[in-house]
Enquirer: 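My questions will all concern the structure given below.
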Protein chains: 2
Amino acid sequence: MRYMPRASAIREVATKPTLGPPAYVVLGMIGLGARSGYEIKQMVELSIRFFWTISQAQIYPSLETLERVGLISGRAEPRGKRPRRVYDITEQGNAELERWLSDDEPIPFELRDIALVKLFFAEAMDREQALALLVRVKERSEQQIVTLRHIEPAAELVDQQGNPSPLLTLRMGVAFHQAMIDVCAEFEPKFHARP
Amino acid sequence: MRYMPRASAIREVATKPTLGPPAYVVLGMIGLGARSGYEIKQMVELSIRFFWTISQAQIYPSLETLERVGLISGRAEPRGKRPRRVYDITEQGNAELERWLSDDEPIPFELRDIALVKLFFAEAMDREQALALLVRVKERSEQQIVTLRHIEPAAELVDQQGNPSPLLTLRMGVAFHQAMIDVCAEFEPKFHARP
DNA sequence: TTCTCCATGTAAGTAGTTACATGATTGG
DNA sequence: CCAATCATGTAACTACTTACATGGAGAA
């Protein structure tokens, strides 16, 4: 995705390297009980991947950095002869996670969807093709909702156990795509009656 | 944003360099009548910036590439002594834009929003802070809607002239943020009553 | 035995960013 | 005359990606 500027270079040099969003995602997942890099990747795919992704190649360097600055502590726990490292969040890690979560800098909204770009330029196509694009965008959102509904029972369970956050973000996803579907449906007639 | 894989490297070597999304955005904007790099940047900010951004440092190299492969044609049109280059889309450019718009590869949906990540991890904060975050996310969407409503009259005018696309994408944005607001409002009580 | 999953890590590359440099024109 | 806007371009950098390499463990 996109470049998310970290704190100013000046401050970075003056104090210590600022962590980027991927490092906080890793920290948060360790805080929620993920133990290895592999488990972090799995948890991301099952939870936040609707609005955030992280590649394996980012996770391991992040774990190293987080351990170096004392926010997590790791120890070797090999499976057979294969090396493996598991981590726990430290006191400082919890404190830093909380600080990051509650820090009140404005959070810029950022959506990057080439499908909407194509819809914006749809006039450059003929009628059938523009309509086909609109239908594809609608179907894409329908598919996303199906996927999200799949993990809904798990999120509801966690909600009943007192943590509404996963259900909240899941409902965001559903509402979001439902909104896209509704707008597509609303504009379909206009896309039918065109030169 | 995010890495958007272009076509396979093999094909790229075998035939000719594949254009990435930024180049098509530039091509599309030239097609809609933008003439200079500067105008492209302005048009993007006034139209698609809700779901796509492009930095000036990307625009000029894209213009060069597009001209080299014959999709746009440029000529010098200096303002005073300062050099300036203006462009028009070519026949091939129109054809390639249409091909890209109607090509039926699946378009992956991609949202990347650190605010939702923070909401997902909200349990790590205490009640007041979690609630404050929820409220901030809601207000952020309210602000986005205000901005979008601002350009709505222009989009409606273009719609009445027979091009519904800008209004469609604008309505997407509004519906999108309204969905976020609704979900935030729905979960606010749950965030009040928490340990 | 061979397939899939668990698991870690690196190399090479692409995409995108900010920050800077430069200077003309227009409006107050 | 000064600030804002028009306008183009580059350098240095950060973030992130894909592809690959490696290999153990368990199941079919």
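Keep in mind that what you see is a predicted model, and the values were worked out from it rather than measured. Below, chain A is the first sequence line, B the second, and so on; all start at residue 1.
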Enquirer: Charged N to carboxylate O under 4.0 angstrom, Asp159(A) versus Arg171(A)?
Expert: no
Enquirer: Measure from CD on Glu110(A) to P on dC16(D) and round the result to the nearest Å.
Expert: 10 Å
Enquirer: Could you check Gln42(B) against Pro22(A) and say which one's nearest nucleotide on DNA chain D is further toward the 5' end?
Expert: Gln42(B)
Enquirer: Quick one: side-chain hydrogen bond (donor to acceptor under 3.5 Å, both in side chains) partners of Thr90(A), sequence neighbours excluded?
Expert: none
Enquirer: Which whole-number value in Å describes the distance from Arg84(A) CZ to dG9(C) C1'?
Expert: 16 Å
Enquirer: Round to the nearest Å and state the distance from Ile54(A) atom CD1 to dT18(D) atom P.
Expert: 13 Å
Enquirer: With a 4.0 Å cut-off, would you call Glu64(B) and Arg68(B) a salt bridge?
Expert: no
Enquirer: Could you give the CG-to-P distance, from Leu19(A) to dA15(D), as a whole number of Å?
Expert: 10 Å
Enquirer: I'd like to know if the side chain of Gln178(B) pairs up with that of Asp182(B) as donor and acceptor (distance under 3.5 Å, no hydrogens or angles considered).
Expert: yes
Enquirer: Taking only side-chain N and O atoms of Ser36(B), does any of them lie within less than 4.0 angstrom of OP1 or OP2 on dC6(D)?
Expert: no
Enquirer: Arg35(B) CZ to dA7(D) P: how many Å, rounded?
Expert: 11 Å
Enquirer: Work out which heavy atom in Leu168(A) is nearest to a heavy atom in Phe191(B); give both atom names and the distance.
Expert: CD2-CZ, 3.8 Å
Enquirer: Separation of Tyr24(A) atom OH from dA15(D) atom P, in whole Å?
Expert: 12 Å
Enquirer: Hey, is the side chain of Thr53(B) poking within less than 4.0 Å of OP1 or OP2 on dT17(C), counting only N and O atoms?
Expert: yes
Enquirer: Indicate yes or no: does Arg136(B) engage Glu139(B) in a salt bridge with an N to O separation below 4.0 Å.
Expert: no
Enquirer: Tell me, which of residues 56-64 of chain B have any heavy atom that sits under 4.0 Å from an atom in DNA chain C?
Expert: Ala57(B), Gln58(B)
Enquirer: Please state how far atom CE in Met43(B) lies from atom P in dC6(D), giving the value in whole angstrom units.
Expert: 15 Å
Enquirer: With respect to the phosphate group of dG16(C), does any side-chain polar atom (N or O) of Ser55(B) fall under 4.0 Å of OP1 or OP2?
Expert: no
Enquirer: When rounded to the nearest 0.5 angstrom, what is the spacing between CD1 in Ile54(A) and CZ in Arg49(A)?
Expert: 14.5 Å
Enquirer: Rounded to whole angstrom units, what separation is found between the OH atom of Tyr87(B) and the P atom of dT8(D)?
Expert: 8 Å
